[in-house]
Amino acid sequence: MPTINAGFALLSEQFMLMAGLAYVVAFCAYAWDLVTYSKTVRRGLAVDSAAGTVSADASRLVGVGASGASDSGAIGQDLGAGPLDRGVRPSSKTHSGSDGITAGDSMRYGKEKRRAARIAVAITVVAAVVHGLAVLFRGLAAGRVPWGNMYEFCTTGGFTVALIFLLVLTRRDLRFLGTFVIGLVLVMITAASVAFWTPAGHLVPALQSYWLIIHVSIAVMSSSLFTLTFAMSVLQLLQSRREASIASGKPDKALVMRLVPNALSLENMSYRINGIAFVGWTLTLMFGSIWAEKAWGRFWGWDTKEVWTFVIWVVYAGYLHARATRGWTGTRAAWLSIVGYLCVVFNFTIVNVYFSGLHSYAGVGS
């Protein structure tokens, strides 16, 4: 059994603190980007209004026309607006209740100069690198993979969320999600350090298996993707409410939401990512059952953790099925996605801490 390296453990905690501070700066930069963009839009609308060039057409303010296609009118062109104001093409793959707009076409990088957003992304990269070093040194300190308890699962999960967000940014302009995603990463790091902190140590016998690497790594990846879709679903609800409000003739009071793609684009992107995450969660459930047979001699024992892992699978399976075949689109799909993520959070926090079972290890088991 490897010896615990106290020096590496200390380095891990120091790097985790530095990563947290860097994430705070990145969060502020993303928030500042939203504020400055909102001011730019408001100032541009005021100038155009004074010149008598602003149209009262609600579809132009919302950024989508009656057919659901994005309106690339003068306002979006003059102000260098975000993804919402750029044209999108109809998709060849439509479903019941969909306007047929592809998510990716309304999330490509434009020519607008958003210095705060660029700075935020750069700081996020630095924070993720430091965060990765913290996770690495934690593993080196314990002499194993660093996801054997709730502290390690939470810190590794936060790093994975940030890493996936940065990888997606290389293909799609999702910087409008920065405040949500980095905010969730900060919550995860804070919860890990305050509520779930555990010194580096050896694993209990049941966890000393190669299945730990397979089962938990897939669970972390899937949970990270669910975190992204949770943020997108929340924004979808906000954008949908805004679009309905403006379509009814009310003034656009949330100008910052012009930076966010239309609700349908958010829904389509969330649906695709949830589909990938669902496959990962299915493998998590399957490999967990195989590991349970190796460790405890049975594939399924109705342990609380096992039950809630299955509940999460059922919720997301229902979400995918309802949206693909039953026409559950719009706000109903968004709420199902949010409920699924709340089940993930409940499974990780309440179930681990307050429910006893084979998956509970002194209140900090993963």
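The structure presented is a predicted model; accordingly, all values stated were derived computationally and were not measured.
- With S224 as the partner, the side chain to side chain contact (heavy atoms under 4.5 Å, CB included) test is satisfied by one option alone out of L184, L163, I164: I164.
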Checklist entry - Yes or no on salt bridge (Lys or Arg N to Asp or Glu O under 4.0 Å) for R144 and E152, after CA distance, side-chain angles and deciding distance? => result CA-CA 11 Å; R144 54 173 174 77; E152 294 172 357; 2.8 Å; yes

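- When every heavy atom of M150 is checked against every heavy atom of T349, the shortest pair comes out as CE-CA, 4.3 Å.
- In the model, R323 has a side-chain atom that pairs as donor or acceptor with a side-chain atom of N268 under 3.5 Å.
- Considering only heavy atoms from C-beta on, Y30 comes within 4.5 Å of T124 through its side chain.
- Geometric assessment of R332 against the ring of W328 yields a positive cation-pi assignment under the 6.0 Å and 45° thresholds.
- Residues forming a ring-ring contact (aromatic ring centres under 6.0 Å, His included) with F287 (at least two apart in sequence, or on another chain): W211.
- In this structure, CD1 on I312 lies 9.5 Å from OG1 on T284, to the nearest 0.5 angstrom.
- Here the shortest heavy-atom pairing between F165 and L174 reads CE1-O, 3.4 Å.
- For Y23, the ring-ring contact (aromatic ring centres under 6.0 Å, His included) partners are H131, not counting sequence neighbours.
- Here the closest heavy-atom approach between residue A292 and residue E306 is recorded as CB-OE2, 4.2 Å.
- Within the 4.5 Å cutoff, no side-chain heavy atoms of T170 are placed close to those of L166.
- Side chain of T156 to main chain of P146: a donor-acceptor pair is present (N/O by atom type, distance under 3.5 Å, no hydrogens or angles).
- Here the closest non-hydrogen pair linking Q239 and V260 is NE2-O, 3.0 Å.
- Rounding to the nearest 0.5 Å places NZ of K250 at 11.0 Å from CD1 of I246.
- Minimum heavy-atom separation, W291 to S209: NE1-CB, 3.6 Å.
- Applying the ring pair (Phe, Tyr, Trp, His ring centres under 6.0 Å) test to residues at least two apart or on different chains, the pairs with a partner in residues 221-256 are F226-Y316, F230-Y341.
- V220 and G157 get closest at one heavy-atom pair: CG1-CA, 3.8 Å.
- At a threshold of 4.5 Å between non-hydrogen side-chain atoms, the residues V145 and Y210 do not count as touching.
- Using a 4.5 Å cut-off on side-chain heavy atoms (C-beta onward), N347 and K305 make contact.
- Of the possible donor and acceptor atoms, none in the side chain of S337 sits under 3.5 Å from a partner among the backbone N and O of A334.
- Hydrophobic cluster of I119: the remaining members, joined at side-chain heavy-atom separations below 4.5 Å, are V25, I123, listed by chain and number.
- Remark: W300 pairs with W302 by the ring-ring contact (aromatic ring centres under 6.0 Å, His included) rule, at least two apart or across chains.
- Applying the side chain to side chain contact (heavy atoms under 4.5 Å, CB included) rule to S12 yields the partners A134, F137, R138; only residues at least two apart in sequence or on another chain are considered.
- Between the side chain of Q236 and the main chain of L266, no donor-acceptor pair closer than 3.5 Å is present.
- Partners of S38 under the side chain to side chain contact (heavy atoms under 4.5 Å, CB included) rule, at least two apart in sequence or in another chain, are R42, L255, V256.
- When hydrophobic residues (I, L, V, M, F, W, Y) are linked wherever their side-chain heavy atoms come within less than 4.5 Å, the members clustered with V35 are W32.
- With values rounded to the nearest 0.5 angstrom, F348 atom CZ is found 15.5 Å from W308 atom CH2.
- The ring pair (Phe, Tyr, Trp, His ring centres under 6.0 Å) pairs that include a residue from residues 244-263 number zero, where partners must be two or more places apart or lie in different chains.
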Checklist entry - Can you list the steps and then say if W335 with L237 is a side chain to side chain contact (heavy atoms under 4.5 Å, CB included)? => result CA-CA 8 Å; W335 276 115; L237 291 176; 3.7 Å; yes

Next on the checklist: With salt bridge (Lys or Arg N to Asp or Glu O under 4.0 Å) as the criterion, how do R175 and D173 come out once you've worked through the C-alpha distance, each side chain's angles and the decisive distance to 0.1 Å?
Outcome noted: CA-CA 6 Å; R175 291 176 293 180; D173 187 2; 2.9 Å; yes

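- Residues F346 and L342 fail the side-chain proximity criterion, which asks for heavy atoms closer than 4.5 Å.
- Taking the side chain as every heavy atom from C-beta outward, R114 and L259 approach each other to under 4.5 Å.
- By the ring-ring contact (aromatic ring centres under 6.0 Å, His included) test, F299 is found to be paired with no residue, residues two or more places apart in sequence or in another chain being considered.
- Counting heavy atoms from C-beta on, the side chains of V181 and L228 come closer than 4.5 Å.
- For the residue pair S270/T229, the side-chain donor-acceptor check at 3.5 Å is not satisfied.
- For the pair F196/N149, no side-chain contact is recorded, criterion being any heavy-atom separation below 4.5 Å from C-beta on.
- Checking side-chain atoms of T36 against main-chain N and O of D33 turns up a donor-acceptor pair under 3.5 Å.
- In terms of the side chain to side chain contact (heavy atoms under 4.5 Å, CB included) criterion, A6 has no residue partners (sequence neighbours excluded).
- The list of ring pair (Phe, Tyr, Trp, His ring centres under 6.0 Å) pairs with a residue in residues 252-282, not counting sequence neighbours, reads F278-W313.
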